[in-house]
Amino acid sequence: MDLYQRVVQPIVFASVDPERGHRWLVRTLMQLSREAAVSEPPAWAAVARSQLERTLCLHDERLQQTLWNLNFPNPLGLAAGFDKNGEIGEFWGALGFGFAELGTVTRHAQPGNPPPRLFRLVEDRAALNRMGFNNSGAIEVAKNIERVRSPHLPSIPIGVNLGKSKITPLEEAAGDYRESFHHLEAFGDYFVINVSSPNTPGLRSLQSPSQLEPIVSTLKEENRNAKPILVKISPDLDEGAIADVLELVKNLDLAGIIATNTTISRAGLKTQVLAKTGNPVTEEAGGVSGAPLRSRSTEVISLIWQKTEGKLPIIGTGGVMSAEDAWEKITAGASLLELYTGWIYHGPLLPKQILSGLLKKLDELGLNHISEAVGLSHRR
């Protein structure tokens with residue numbers, strides 16, 4: 001257990017509201033990113049970036065991959081939900097990440113759901129959130145991303161996660177996603193259709209093929225530069241519903257799938273009551289992320305690999321807290337991974353620790369490259 005887990009995390013968790021802490025960290029990293037991105041960065045910004053990279057990054061050719069003609073320095077990315085407004089961007093590469101997914105971004109700026117809306121479930125190493133896609137809207141986010149894409153920042157792929165605006169009726173969802181994509185296409189390397197968050201009314205119904213197909217088709221028509229488009233699915237879909245989504249992904253030639261979003265299940269949680277509200281956790285709306293999601297998200301990854309015979313790239317997310325968790329998802333079929341909640345619980349050294357652990361696994365099994373481990377559990 002490092003200094004963060006022994007000292008920093010307990011103090012922060014005991015004294016700082018989770019959403020307040022998130023805002024403070026975003027502002028701090030945004031300032032660093034913007035200062036480091038200018039043509040002549042101030043000396044302090046250059047030193048800060050250099051020190052962060054020495055401390056938090058691990059570079060090894062065995063971890064590099066090329067997917068969708070994008071070079072990923074390592075397979076571990078930041079999940080959507082942290083850098084909601086694209087204010088940090090490529091600077092995530094200085095924190096050890098091989099890529100970063102920004103957003104979720106909606107066409108219209110929106111405040112999200114009323115607070116309290118973010119809760120730590122410390123006993124479970126988890127979070128419960130019902131943020132509701134709070135963001136500045138596609139036009140402003142595009143401006144933010146442009147400010148933090150620079151040759152002076154680490155070169156990592158940037159994904160943009162797109163959601164439906166709350167004020168937009170479900171029957172007009174395709175146009176809503178199209179407008180967001182139109183404003184952001186030039187600033188993202190890949191795009192994600194998010195139809196699986198439990199925190200926007202009716203959104204999950206868009207996972208059904210009849211409602212998802214018009215959204216995908218509309219974005220493909222708008223996608224003049226052939227940017228990779230993926231879809232992010234819920235862990236709460238049954239096998240039949242997942243198979244239906246995969247059929248649509250295949251028929252419409254989507255680039256890949258992200259498995260999975262947060263879960264509305266409360267099964268197995270040790271946390272019984274949310275201290276902030278006094279209500280049983282089973283009565284609180286929102287999606288659970290972190291350790292309780294690990295097994296189910298890995299099951300979904302494995303199912304997708306089997307049903308697509310390993311031909312569809314998968315980004316695995318949900319409960320990645322250690323190198324063991326990461327290895328489990330990679331061998332189940334994930335080419336890339338994302339984390340967020342694990343980073344909050346285990347601190348800034350976690351990406352480097354995970355990457356180091358993956359290299360150790362490769363050495364133990366005599367594998368030459370991380371790509372050889374993708375889907376390995378299906379080939380034994």
Notebook entry, point to check: Taking it one step at a time, do E284 and R266 satisfy salt bridge (charged side-chain N to carboxylate O under 4.0 Å, His left out)?
Noted result: CA-CA 10 Å; E284 293 284 2; R266 304 294 185 260; over 6 Å; no
Checklist line | side chain to side chain donor-acceptor pair (under 3.5 Å) evaluation trace for S297 with K329 | finding: CA-CA 8 Å; S297 65; K329 280 179 166 47; 2.8 Å; yes
Next item on the list: Go through the steps for L52 and L95 under the test side chain to side chain contact (heavy atoms under 4.5 Å, CB included), then give the verdict.
Entry: CA-CA 6 Å; L52 285 170; L95 303 179; 4.0 Å; yes
Notebook entry, point to check: Yes or no on side chain to side chain contact (heavy atoms under 4.5 Å, CB included) for Y4 and H346, after CA distance, side-chain angles and deciding distance?
Noted result: CA-CA 7 Å; Y4 174 87; H346 293 272; 5.8 Å; no
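Linking ILVMFWY residues whenever their side-chain heavy atoms come closer than 4.5 Å, directly or via other members, places L339 and V26 in the same cluster. Residues F119 and V122 fall into different hydrophobic clusters, defined by Ile, Leu, Val, Met, Phe, Trp and Tyr side chains chained together at heavy-atom separations under 4.5 Å. When hydrophobic clusters are built by joining Ile, Leu, Val, Met, Phe, Trp and Tyr residues whose side-chain heavy atoms come closer than 4.5 Å, directly or via intermediates, V8 is grouped together with L29. A continuous path of Ile, Leu, Val, Met, Phe, Trp and Tyr side chains, each step under 4.5 Å between heavy atoms, connects L170 with F181, placing both in one hydrophobic cluster. V374 and Y190 fall into different hydrophobic clusters, where Ile, Leu, Val, Met, Phe, Trp and Tyr side chains are chained together by heavy-atom contacts under 4.5 Å.
Between E221 and R178 there is no salt bridge, since none of the side-chain N atoms of the basic residue sits less than 4.0 Å from a carboxylate O of the acidic one. A salt bridge links K143 to E140: at least one charged side-chain nitrogen sits closer than 4.0 Å to a carboxylate oxygen. Looking at D363 and R62, a side-chain N of the basic residue comes within less than 4.0 Å of a carboxylate O on the acidic one, giving a salt bridge. A salt bridge links R149 with D189: the closest approach of a Lys/Arg side-chain nitrogen to an acidic carboxylate oxygen falls below 4.0 angstrom. The residues R117 and E19 are annotated as salt-bridged, a charged nitrogen and a carboxylate oxygen being separated by less than 4.0 angstrom. In summary, K220 and E222 do not engage in a salt bridge, as defined by a charged side-chain N under 4.0 Å from a carboxylate O.
For K307, the salt bridge (charged side-chain N to carboxylate O under 4.0 Å, His left out) criterion is met by E239, not counting sequence neighbours. Partners of E324 under the salt bridge (charged side-chain N to carboxylate O under 4.0 Å, His left out) rule, at least two apart in sequence or in another chain, are K361. Looking at residues two or more places apart in sequence or on another chain, you find no ring pair (Phe, Tyr, Trp, His ring centres under 6.0 Å) involving F133. With sequence neighbours excluded, no residue forms a side chain to side chain donor-acceptor pair (under 3.5 Å) with T262. Remark: F97 engages W92, W343 in a ring pair (Phe, Tyr, Trp, His ring centres under 6.0 Å) (not counting sequence neighbours). Every residue two or more places apart in sequence or in another chain was checked for a salt bridge (charged side-chain N to carboxylate O under 4.0 Å, His left out) with K270, and none qualifies. In this view, R20 satisfies the salt bridge (charged side-chain N to carboxylate O under 4.0 Å, His left out) rule with no residue, not counting sequence neighbours.
Within the structure, ring-ring contact (aromatic ring centres under 6.0 Å, His included) contacts touching residues 308-335 (residues at least two apart or in different chains) do not occur. The list of ring-ring contact (aromatic ring centres under 6.0 Å, His included) pairs with a residue in residues 349-379, not counting sequence neighbours, reads W305-H378. Legend: ring-ring contact (aromatic ring centres under 6.0 Å, His included) pairs involving residues 19-66, not counting sequence neighbours, sorted by first then second residue: H22-F82. Here side-chain hydrogen bond (donor to acceptor under 3.5 Å, both in side chains) pairs that include residues 287-296, with residues two or more places apart or in two chains, are S289-T341, R294-E328, R296-E299.
Enclosure of atom CG in D238 by more than 12 non-hydrogen atoms of other residues, nucleotides or ligands within 6.0 angstrom is indicated. Remark: E364 CD is packed, more than 12 non-hydrogen atoms of other residues, nucleotides or ligands lying under 6.0 Å away. When the shell of 6.0 Å around CG of L70 is examined, it contains more than 12 heavy atoms from other residues, nucleotides or ligands. Residue E61 places its CD atom among 12 or fewer non-hydrogen atoms of other residues, nucleotides or ligands, all under 6.0 Å distant. The neighbour count for K360 NZ, taken as heavy atoms of other residues, nucleotides or ligands under 6.0 Å away, does not exceed 12.
P292 has its side chain out of reach of T263: every pair of non-hydrogen atoms, C-beta onward, lies at least 4.5 Å apart. Considering only heavy atoms from C-beta on, V245 comes within 4.5 Å of I257 through its side chain. Side-chain contact between I370 and L359: absent, with no pair of heavy atoms (C-beta onward) separated by less than 4.5 Å. Between V216 and E213 the shortest side-chain heavy-atom distance does not fall below 4.5 Å. A 4.5 Å side-chain heavy-atom check between N223 and E185 finds at least one atom pair inside the cut-off. Using a 4.5 Å heavy-atom threshold, the side chains of V105 and V160 count as touching. Put simply, the side chain of I354 does not reach to within 4.5 Å of the side chain of L337, judged on heavy atoms. Here the side chains of L56 and L349 are in contact, with some heavy-atom distance below 4.5 Å.
Donor-acceptor pairing under 3.5 Å is lacking for the side chains of T168 and R107.
Checked by atom type and distance alone, the side chain of Y345 never pairs as donor or acceptor with a backbone atom of Q9 at under 3.5 Å.
If you chain together ILVMFWY residues whose side-chain heavy atoms come under 4.5 Å of each other, V38 ends up in a group of its own.
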